[in-house]
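Here is the structure we will look at, set down as structure tokens.
Heavy-atom basis, side chains included; hydrogens, waters and symmetry copies ignored.
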Amino acid sequence: MKIATWNVNSLKVRLPQVLEWLGSEQPDVLCLQETKLADARFPVAELADAGYRALYHGQPTYNGVAILSRTPPSDVRCDWPDGGDGQARLCAASFGDLRVVNVYVPNGQALDSDKYPYKLQWLERLRGLIAGELQGWPQLLLVGDFNIAPDTRDVYDAADWGEGILCSAPERAALGALLELGLHDSYRKLHPDARAWSWWDYRAAAFRRNQGLRIDLILASSPVLSRTRDVVIDRAARAAERPSDHAPVCITLESGA
DNA sequence: ATGGTAGCACGGCTA
């Protein structure tokens with residue numbers, strides 16, 4: 001079973017690439033972030049033609065998440081239990097015994113921005129939600145754009161980036177609190193020494209100079225990690241014509257429990 | 001060079 005996550009930075013613009021990627025990679029589940037689409041404009045028919053149904057939760061202009069799958073999901077969740085705060089950043093669905101939670105964590109912008117405490121509060125709230133989900137779903141994947149580089153290995157130049165946004169100690173502590181629930185950074189577990197990025201800024205020719213960060217993560221509960229065959233970052237998608245600034249990340253699981 | 005690019009119901013905001 002293959003489950004992937006990809007911040008597409010506008011599904012309207014990136015739909016041809018998403019369709020091509022679905023065709024070549026054939027994932028069972030693809031979680032999207034930054035679809036930037038109102039639900040009425042979600043490309044349901046085009047994806048159905050490609051063999052994928054869609055669970056989507058969007059808004060105009062900003063944010064937006066979706067879960068594409070070849071089989072019907074169950075126990076669908078489209079926002080926070082209390083209805084959320086108007087920012088479409090969370091959805092979840094189950095495929096058999098596997099729970100998949102898809103998040104677009106707030107960027108935070110800068111340490112002195114009011115978006116920074118919002119990010120930290122959002123992550124604290126997510127911890128509570130995931131703790132509850134794990135009660136009913138021991139086999140769980142928490143995937144998405146976390147907007148946090150877990151440690152210095154995940155930054156092209158950690159000394160230069162320092163304690164800036166995406167790398168500050170409170171952000172990393174909030175990610176650590178999620179891991180303490182019994183989740184594992186699957187890519188890092190399988191590739192302890194890898195220096196690989198999932199996001200490169202559009203500005204300053206960051207991709208050409210390979211100046212990136214690994215902020216798109218697949219966190220797996222222990223039962224899922226134990227049946228993980230591999231985790232890969234598809235750097236080629238970032239090198240494509242008119243790319244998203246993020247690369248897809250894909251986990252392959254042994255089939256069965 | 002202390003910036004740059006990309007996307008968005010269109011132009012200041014977000015990343």
What I want to check is whether the side chains of A:Asn210 and A:Arg235 have a donor and an acceptor closer together than 3.5 Å. yes
Nearest-Å distance for atom pair CG/C1', residues A:Asn7 and B:dT14: 12 Å
Atom CD of A:Gln87 and atom P of B:dT14 are separated, to the nearest Å, by 10 Å
Check the distance between B:dT5's P and A:Arg209's CZ and give it to me in whole angstrom. 12 Å
Starting the side chain at C-beta, find the nucleotide from B:dG4, B:dG7, B:dA15 nearest to A:Tyr62. B:dG7
Any A:Ser10 side-chain nitrogen or oxygen under 4.0 Å from OP1 or OP2 of B:dC8: yes
Can a donor-acceptor pair be found between the side chains of A:Ser168 and A:Tyr116 at a distance below 3.5 Å? yes
Residue-phosphate contact under 4.0 Å: A:Lys12 side-chain N/O, B:dG7 OP1/OP2: no
Tell me: CG of A:Asp114 to C1' of B:dC13, nearest whole Å? 13 Å
Looking only at heavy atoms, which two atoms of A:Leu19 and A:Ala50 are closest? And how far apart? CD2-CB, 3.8 Å
Distance between the P atoms of B:dT14 and B:dA9, in whole angstroms? 15 Å
Closer to the 5' end of DNA chain B via nearest nucleotide, is it A:Lys36 or A:Trp199? A:Lys36
In whole Å, what is the span from the CZ atom of A:Phe207 to the P atom of B:dA6? 14 Å
Base, sugar-phosphate alone, or nothing: which one does A:Tyr104 contact when heavy atoms must sit under 4.0 Å apart? sugar-phosphate
Determine whether a donor-acceptor pair (one donor, one acceptor, N or O, separation below 3.5 Å) exists between the side chain of A:Arg14 and the base of B:dA6. no
Quantified in whole Å, what is the C1' atom distance between nucleotide B:dA6 and nucleotide B:dG11? 14 Å
Below 4.0 angstrom from OP1 or OP2 of B:dG7, is there any side-chain N or O of A:Arg242? yes
Check every strand shown and say whether A:Arg89 touches a base, only sugar-phosphate, or nothing at a heavy-atom separation below 4.0 Å. sugar-phosphate
Take atom CG of A:Leu166 and atom P of B:dT14, then tell me their distance rounded to the nearest Å. 16 Å
Using the side-chain heavy atoms of A:Arg203, tell me which of these nucleotides is nearest: B:dG4, B:dA9, B:dT14. B:dG4
Using side-chain contact (heavy atoms from CB on, under 4.5 Å) as the criterion, point out the one residue from A:Gln87, A:Arg89, A:Arg125 that pairs with A:Trp80. A:Arg125
Looking only at atom P, what distance separates B:dT2 and B:dA15, rounded to whole Å? 25 Å
Distance-minimising heavy-atom pair for A:Trp200 and A:Ala206: CD1-O, 3.8 Å
Tell me the interatomic distance from A:Asn9, atom CG, to B:dG7, atom C1', rounded to whole angstroms. 6 Å
Within this structure, what is the CG-to-P distance between A:Asp245 and B:dA15, rounded to whole angstrom? 12 Å
